[in-house]
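Handing you a structure now.
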Amino acid sequence: MDLIKGIIIAIIEGLTEYLPISSTAHMGFAASLMGMEDTEFLKMFQVSIQFGAILSVVVAYWKKFFDFSNIKFYYKLAFAVIPALALGYLFDDKIEAVLGNQIAISSVLVLGGIVLLFADEWFKNPKIDDEKGVSIKNAVIIGFWQCLAMMPGTSRSAASIIGGMSRGLTRKAAAEFSFFLAVPTMLAVTVYSVFVKTWGKETPNPQKGYEMIMASQDHIMIFIVGNIVAFVVALIAIKAFIGVLNKYGFKPWGWYRIFVGIALLIYFYFFK
């Protein structure tokens, strides 16, 4: 994996992480199209560049994250992230096994698109237009909805936004709470992926035989640049997504998922 390919993957991550279209499916397709090997570093990189996307939310909503007078905000996120941490730890191996099954991921992409076509009709008359109106109970329920995204191709953003709307949040409020919840969720996933699962693993090196994945200077450079790129692109994507969601709802994203999912099914079934 070279730096240029790493930057392309990071751009895709930044564009898609907070949109309801599944960053996993898009990064997997891009990696396959570029002929990238399914190495341990690639798996780690696709997860770890979420750190850059995390920082984009903190920067975009810095007043919210650093308002220490609103202690309930932190409680809500702490309780809401527990389901994902617990279930993610229990099913980590099964989730990783599905990551290599592009047919399954593409199928979920299509099914999720169909759901988005009807999401606006299912959740009418919202009553909560701000995070402050979200109770801890509802935060935990949204956290369980987020767990649906453990099936690659679902989209963490889509699952948690729909979960928020099911609890009476407006589209904007649900999207923003999804952004907030992404910070502890993806921070935990990134730390676990980099420092627990990958740090001590070895990878082939033509000159040295084997070396630890994160001991490679090339890997460290790709890791750093990838996170910077993901941060910048995600910062732009967040603002754009809120505007489109408010104006058009979920249908454009639903049709996009269906179209891309079908295209990927054809590609992976007939040409891979």
If you compare all heavy atoms of A149 against all heavy atoms of A159, which two are closest, and at what distance to 0.1 Å?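 The pair with the smallest heavy-atom distance is N-CB, 4.3 Å.
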With a 6.0 Å cut-off (strictly less than), is the heavy-atom count around CZ of F65, excluding the residue itself, greater than 12?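 Yes, the 6.0 Å shell around CZ holds more than 12 heavy atoms from other groups.
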With the 4.5 Å side-chain cut-off for hydrophobic clustering, are L109 and L111 part of the same group?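 Shared cluster, no.
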Qualifying side-chain hydrogen bond (donor to acceptor under 3.5 Å, both in side chains) pairs with a residue from residues 109-123, counting only residues at least two apart or across chains: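 Sorted pair list: D120-R171, E121-K124.
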For K63, does its backbone N or O pair with a side-chain atom of D67 as donor and acceptor, under 3.5 Å?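 No, the answer is negative, given that no donor and acceptor are paired below the 3.5 Å cut-off.
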Grouping I, L, V, M, F, W and Y whenever their side-chain heavy atoms are under 4.5 Å apart, do I258 and L245 come out in a common cluster?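 Same hydrophobic cluster.
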Could you measure the distance from the CG atom of L77 to the CZ atom of F73? Nearest 0.5 Å is fine.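 The distance works out to 4.5 Å.
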Tell me, do V110 and R257 make a side-chain contact under 4.5 Å, heavy atoms counted?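 Result no, sub-4.5 Å side-chain heavy-atom pair not found.
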Donor-acceptor check, side chain of Y248 to backbone of W253, threshold 3.5 angstrom: yes or no?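 Pair absent, no side-chain N/O of Y248 close to backbone of W253.
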Which heavy atom in I54 sits nearest to a heavy atom in L187, and how many Å separate them?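 Shortest heavy-atom separation between I54 and L187 comes out as CD1-N, 3.1 Å.
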How close do G163 and S166 get, counting heavy atoms only, and between which atoms?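 The pair with the smallest heavy-atom distance is O-OG, 2.6 Å.
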From CD (E37) to OG (S32), nearest 0.5 Å: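 Nearest 0.5 Å value for the CD-OG distance: 12.5 Å.
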Linking I/L/V/M/F/W/Y whenever their side-chain heavy atoms sit closer than 4.5 Å, directly or via other members, would L117 and F123 fall into one cluster?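 In one cluster: yes.
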Is there a donor-acceptor pair under 3.5 Å between the side chain of R167 and the backbone N or O of N138?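 No, R167 side chain to N138 backbone: no donor-acceptor pair under 3.5 Å.
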CD1-OG distance between I12 and S23, expressed to the nearest 0.5 angstrom: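 One gets 10.0 Å once the value is rounded to the nearest 0.5 Å.
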Would you sort out whether K5 and M36 count as a side-chain contact (heavy atoms from CB on, under 4.5 Å), showing the intermediate values? CA-CA 9 Å; K5 290 180 179 178; M36 299 171 67; 3.8 Å; yes
What's the shortest heavy-atom distance between G226 and I49, and which atoms?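 Taking every non-hydrogen atom into account, C-CG2, 3.8 Å.
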Using every non-hydrogen atom in the two residues, find where F241 and P20 come nearest and quote the distance to one decimal.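 Closest heavy-atom pair between F241 and P20: CE1-CD, 3.5 Å.
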Is it the case that more than 12 heavy atoms not belonging to F79 sit under 6.0 Å from its CZ atom?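 No, not enclosed.
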Is a donor on one side and an acceptor on the other found under 3.5 Å between the side chain of K76 and the backbone of V134?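 Looks like yes, one N/O pair under 3.5 Å.
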For Y267 and Y269, what are the C-alpha separation, side-chain angles and deciding distance, and is it a side-chain contact (heavy atoms from CB on, under 4.5 Å)? CA-CA 6 Å; Y267 173 77; Y269 188 80; over 6 Å; no
Donor-acceptor pairs under 3.5 Å, side chain of residues 173-186 to any protein atom, not counting sequence neighbours: which ones?
| residue | atom | partner | partner atom | Å |
| --- | --- | --- | --- | --- |
| E176 | OE2 | Y61 | OH | 3.3 |
| E176 | OE2 | K172 | NZ | 2.9 |
| S178 | OG | R156 | NH2 | 3.4 |
| S178 | OG | S160 | OG | 2.7 |
| T185 | OG1 | Q146 | OE1 | 3.4 |
| T185 | OG1 | Q146 | NE2 | 3.2 |
| T185 | OG1 | L181 | O | 2.8 |

F231 vs V59 side-chain heavy atoms within contact, under 4.5 Å: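 A side-chain contact under 4.5 Å exists here.
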About how many Å separate CD1 of I4 and CE of M34, when rounded to the nearest 0.5 Å?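 Here the rounded value is 10.5 Å.
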Shortest non-hydrogen contact from A237 to G14?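 So the two residues come closest at CB-O, 3.7 Å.
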Do the non-hydrogen side-chain atoms of T170 and K127 ever get within less than 4.5 Å of each other?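 They are not in contact (no side-chain heavy atoms under 4.5 Å apart), so the answer is no.
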Student check: side-chain heavy atoms of L15 and H26 closer than 4.5 Å: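 The answer is no; the side chains never approach within 4.5 Å.
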Using side-chain heavy atoms (C-beta onward) and a distance below 4.5 Å, is I105 in contact with F29?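 Sidechains of F29 and I105: no contact.
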Distance check, rounded to the nearest 0.5 Å: T16 atom OG1 versus I11 atom CD1?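 The OG1 atom of T16 sits 11.5 Å away from the CD1 atom of I11.
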Heavy atoms from other residues, nucleotides or ligands near CZ of F51 exceed 12 (cutoff 6.0 Å):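 For F51, atom CZ is not crowded (no more than 12 foreign heavy atoms under 6.0 Å).
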Same cluster (ILVMFWY, side-chain, under 4.5 Å), Y74 and V58: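 Cluster IDs for Y74 and V58 match.
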How many angstroms lie between CD in E17 and CD1 in I238, if you round to the nearest 0.5 Å?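 That separation rounds to 9.5 Å.
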Quick one: does T154's side chain get under 4.5 Å of S22's, heavy atoms only?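 When only atoms from C-beta onward are counted, S22 and T154 do not touch, as no gap falls below 4.5 Å.
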Stepwise side-chain contact (heavy atoms from CB on, under 4.5 Å) test for L87 and M150: CA-CA 9 Å; L87 295 178; M150 290 179 183; 3.5 Å; yes
Verdict with supporting geometry, Y256 and L19, side-chain contact (heavy atoms from CB on, under 4.5 Å): CA-CA 11 Å; Y256 174 84; L19 305 183; over 6 Å; no
Just wondering, are more than 12 heavy atoms of other shown residues or ligands nearer than 6.0 Å to NZ in K64?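 Counting other residues, nucleotides and ligands, NZ of K64 exceeds 12 neighbours.
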